[in-house]
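Below, chains carry the letters A, B, ... as their sequence lines are ordered, and counting in each starts from 1. These numbers come from a predicted model, not from an experiment.
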Amino acid sequence: MNPKLTRRRFIKGVIASGAAATTTTMWYAANGQNRPAGYVERLIRINVNGQVRNVDVAPQETLASTLRYKLGLTGTKLGCNRGECGACTVLVDDIATYSCSVLTHSMKNGRIETVEGLESANGDLHPVQQAFVESLSPQCGYCTPGQVMAAVALLRINPNPTREEAQLGMSGNICRCGSYDSYLDGVMRAAEIG
Amino acid sequence: MAYMHIGKDFVPPDVTGKVTGRIKYAEDYTREGMVYARLLTSPIPHARVIDIDASAALAMEGVFGILTADDVYPDGEPQSTGLKILTNEPTLVGEPILAVAAIDEKTAETAIAAISVTFERLPFVIDPLDSLAEGGPNAYNGGNTFAFREGFIEEKWTTDQVASFRAGNEPTAAAPTELAYGDLDAAFGESAYVYENTFTTAGYPHMSMEPRSAMAYWEDGKLYLHATSQSLTAFADGIAGIIGVAKEDLVFINAATGGGFGQRARAGSVPSAAIPAKLSQKINRPVMMRVTREEEFTIGGARQGFQGWIKLGFRQNGTMAAADLWIVSDNGGKGGGGDAFSATNAISIVYQADAVRLRGVSIGSNTAHRGAQRGPGENQIAAIVSPILDKAADELGIDRLEIRKINTPQNGDEGGVPQRTPFTSAYMPEALEQTAQLFDWAGRQPRRRQRNGSKVTGFGIGQGYHNAGRSGMDGIVMMGPDGRLKIHNGVGNLGTYSYASTSRAAAEALKMPWDSCDIITGRTDLHLPITSPQDGSNSIFTNTRTCWGAAQDMLTKMKEIAASDLGGAPAEYDISNERVHQIANQSVGYTYAQVARRAMELGGKYTGEAELPEDLAEWTQISVSRLAGSGFMGVYHDPAHSGNPPGFTVTACEIELDTETGKFEIIDVVTVAECGTVMHPQGLKNQMVGGVVWGIGLSALERHLYDPQNGLPASTGYWQSKVPTYLDTPARIVSGWVDLPDPENPVGARGIGEPSMGAVSAALNAAISDALGGHIFNATPVTTDMIINHIAGISEDWVPLAQNNFRG
Ligand code: FES
Ligand code: FES
């Protein structure tokens, strides 16, 4: 994944929307109920997990906020809400993206995938999820949805990575429990069974 | 011993929820009519609130109410150390003053902006040594330290005494705390090599991935609380008291917690969970309080930093004769922990020194509050001692692995300060040997300190220790007419999976297939027994004892019922294949489903309605009384164990240190656990690899930075703090374990979470020192700038022994 790319995208989005982006205001911007005077939510359509969803979105609302608090997709986690940790990683057009750091308005043409969209219709786990279970990759699990999405993105680009390539590919996601070795076991296993 | 479950991998029931995102953390819940709380926190490191004018805020549309310290503490705030729910006497930047509930967070925030708070600024201090100096500011109102039964008092040294300590000398002030055993003078007299110097270890935040958000609502007189905690029943037990709700009226819901690392074990370290509970009570609506990363930093706690002096003496044969320490512990803004004691204890235990002394004092600073963090004390000191041990080995002509073997604790030994407690068992020699083999310690030695261009190879080996077991808790198992075993487990779920692996001891005792078992956990209205807080690496030891004990009680009752119904004596019965049957004639017996039905018909002690164990905790009594009569019950109160069940670890690593950049790469790391019988290999491996990552953080990366001019924290995020990432960690970690049973545990198991880190920091600091020709920094972390300055011959001791700033 390329966190810099997604970060840049966010900054561009913020400039375009005219909203101020500082770490102190981002939390409120992200909560999805933010209605500063003069701003109104606009009904937009976004494509999430293959479904087109109509959602009222404030100008400065982040994708993480929309997913969690408007669409109820709480699998996407917020660890920092400021582009540091990767807990909020989702895929936008197959690219791992920090959903806390992109504006929902910039997603109108994007194909968004969250951890909730990975299982097959019959409920089978995605190979990455299956491999993470087999490898007992998660510890506390709070970073896990982000790690899963980062691994899915990586394996779409590079279906058979070396362990070192996997390490680089996953490096936008922090795990405070320090389960990196077990996540890498999981990525390598997913490449095998995927 | 051949086990059905112990030592075997399994899929803990919560893992699927973690990879699918379905498992819920506190902030994932919502409730109809839920409103949102925001905090007004102190912008000043030390102040007194003179006045709060919230009239404009309360008049705003969409604002439902305010909660202040006066609401929370109507009889006045507690005058002791420890986090408060809210305060009018903030002693750190970011301490919560009040909370406002509103229709949404923006409205709450707008209301907060309209509140006028008048503060009286008070003197503040960032570095405890500045507070120790006569005339220096005190972090607390009434002093700079807290004395039991005396309250806040002032501890002061002369300016010369502080200056002399900063200059690298043994402190000359009288120590309020002194713990010792053995004849220090005689032991130093026998020493062929003595090392003496000052040192610092940095405090740094826990930075659990899940911020401590909480949601609460009251319904039918009961409080429903969603919050983060390492522990389940132990936390609920404590937070009930903090909130002021009867234990039987609290439902604490916690399916998973996004990390804890010591700071969420006990309710006293997460009192912020009381804010939405009390606000909800006041305004009669569900209240969600989301906590930001910055807030998590300021109220989330930190490891204690040390400003210390250490003197170690070694005999010619390599034995550690004496260890003498003087430690000023940083208590932060809200009081701290006992890290200095644990550190000294660990030296006594891991190196078996003949004479040990700790002199110490804990001094406040207006920085994040301090408390237990993964191996509090043991792990900081492991990193300080290891390079000194190497220096002694080199001076005495002894191999560095060998000097550790010479001093190793083993079965039959004892350790601790001032009382030396015997180990329940100790297989550190085996762990050292296994590490040496896996790492090929001997084979690598010819490459020691070899240069390759600008890169130098360094090796390090280190040992970790933490006490790893408690007793005195309770266990409950239930069986219904379907014959399934329900294991009620009050251990928390912070990611160790010990709630599940300890439950397997009950399945083992009843020879129950795992798919016939259900773990009952995640919310306290499922009637759970009390457990020890899930800290101090104790859960595996403590709760295999309770789960095993409760299952044994059920087994005894099964045999009684079968014997009474089917003839013979209980001793003539055994179990297999989910049946209790006669040993002589296996066809005579009951299935578990049948015996459970009989138990329910018989009632009384079989269903928890009579003859309960004495000494059940109040919490367990409530749970048992609610379960009584609903099924076949096994219930147990665990008596005290004897001795110290240790968790030991050994780590060896190879690094390549670049003398041009000061950076190093960990080429190989091997880490071995000695924690009795292995319960769950994958879970143990996770603790070991997590310990490697945490050890790297302690040794090389993580620290607090505070602006000394304004007391503002500068390391509130992941990148400033700086938590190790994938790229700071080797792509492969080799882990192993000794796997020999401990006699004080029914399945032989002990814990490992904390020592898994200490051995790594010890090995890594030793390796850095090794690559630099034996230079000892006497500090954690050893950062890139320190390494490059050392190589360039530049002193980076801007302020010697600084704390909460560079180099500390
Ligand atoms: S929550 Fe988005 S990067 Fe941390
Ligand atoms: S599993 Fe806990 S933060 Fe990664």
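Contact record, Met209(B) with Arg176(A): CE-N, 4.0 Å, taken as the closest heavy-atom pair. Of all the heavy atoms in Glu27(B) and Arg68(A), the pair that sits closest is OE2-NH2, 3.1 Å. Val19(B) and Gln129(A) make their closest contact through O-NE2, 2.9 Å (heavy atoms, listed as atom of the first residue, atom of the second, distance).
Atom CZ of Arg42(A) sits in a sparse spot, with 12 or fewer heavy atoms from other residues, nucleotides or ligands closer than 6.0 Å. Summarising the local packing, CZ of Arg45(A) is surrounded by 12 or fewer heavy atoms from other residues, nucleotides or ligands at distances under 6.0 Å. Residue-environment remark: CG (Asn54(A)) exceeds the threshold of 12 foreign heavy atoms within 6.0 Å.
Heavy-atom distances place the side chain of Val11(B), and not its backbone, under 4.5 Å from chain A. Of the two parts of Gln147(A), only the side chain, counted from C-beta on, holds a non-hydrogen atom closer than 4.5 Å to a non-hydrogen atom of chain B. Interface remark: Val133(A) contributes backbone and side-chain atoms alike to the contact with chain B (heavy atom separation under 4.5 Å). For Leu118(A), no part lies near chain B; criterion is any non-hydrogen pair under 4.5 Å. Within the 4.5 angstrom heavy-atom criterion, no atom of Thr114(A) approaches chain B. Neither the backbone nor the side chain of Ile696(B) has a heavy atom closer than 4.5 Å to any heavy atom of chain A. In this structure, the portions of Thr716(B) lying under 4.5 Å from any heavy atom of chain A include both its backbone and its side chain. Of the two parts of Leu73(A), neither the backbone nor the side chain holds a non-hydrogen atom closer than 4.5 Å to a non-hydrogen atom of chain B.
Contacts between residues 137-145 of chain A and chain B, counted as heavy-atom pairs separated by less than 4.5 Å, involve Ser137(A), Pro138(A), Gln139(A), Cys140(A), Gly141(A), Tyr142(A), Cys143(A), Thr144(A), Pro145(A). Of all residues in residues 258-265 of chain B, those placing a non-hydrogen atom less than 4.5 angstrom from a non-hydrogen atom of chain A are Gly258(B), Gly259(B), Phe261(B). For residues 717-728 of chain B, the interface with chain A (any heavy-atom pair closer than 4.5 Å) comprises Gly717(B), Tyr718(B), Trp719(B), Gln720(B), Val723(B), Pro724(B), Thr725(B), Tyr726(B), Leu727(B), sorted by residue number.
Annotation: side chain of Val693(B) is in contact with side chain of Tyr180(A) (closest heavy-atom distance under 4.5 Å). Looking at Thr74(A) and Tyr29(B), their side chains never come closer than 4.5 Å, going by heavy atoms from C-beta outward. Proximity of Ile174(A) to Met207(B): side-chain heavy atoms (C-beta onward) are nowhere separated by under 4.5 Å. Within the 4.5 Å cutoff, the side chain of Asn81(A) has no heavy atoms near those of the Glu294(B) side chain. Side-chain atoms of Leu136(A) and Pro12(B), non-hydrogen and from C-beta on, do get closer than 4.5 Å to each other.
Residue pairs that meet the ring pair (Phe, Tyr, Trp, His ring centres under 6.0 Å) test with at least one member in residues 41-65 of chain A, sequence neighbours left out, do not exist here.
Taking 4.0 Å as the cut-off between side-chain N and carboxylate O, Glu210(B) and Lys77(A) do not count as a salt-bridged pair.
If you check the side chains of Lys685(B) and Ser182(A), you find a donor sitting under 3.5 Å from an acceptor.
In terms of heavy-atom pairs under 4.5 Å with chain A, the best-connected choice from Asp14(B), Leu494(B), Val15(B), Thr20(B) is Thr20(B).
Taking OG1 from Thr76(A) and CG from Asp28(B), the interatomic distance works out to 10.0 Å, rounded to the nearest 0.5 Å. For the atom pair OG1 (Thr16(B)) and CZ (Phe132(A)), the distance works out to 13.5 Å, reported to the nearest 0.5 Å.
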Glu134(A)/Gln682(B) under side-chain contact (heavy atoms from CB on, under 4.5 Å): CA gap, chis, key distance, verdict:
CA-CA 10 Å; Glu134(A) 286 176 24; Gln682(B) 280 187 322; 5.9 Å; no
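Between the side chain of Arg732(B) and the main chain of Asp181(A), no donor-acceptor pair closer than 3.5 Å is present.
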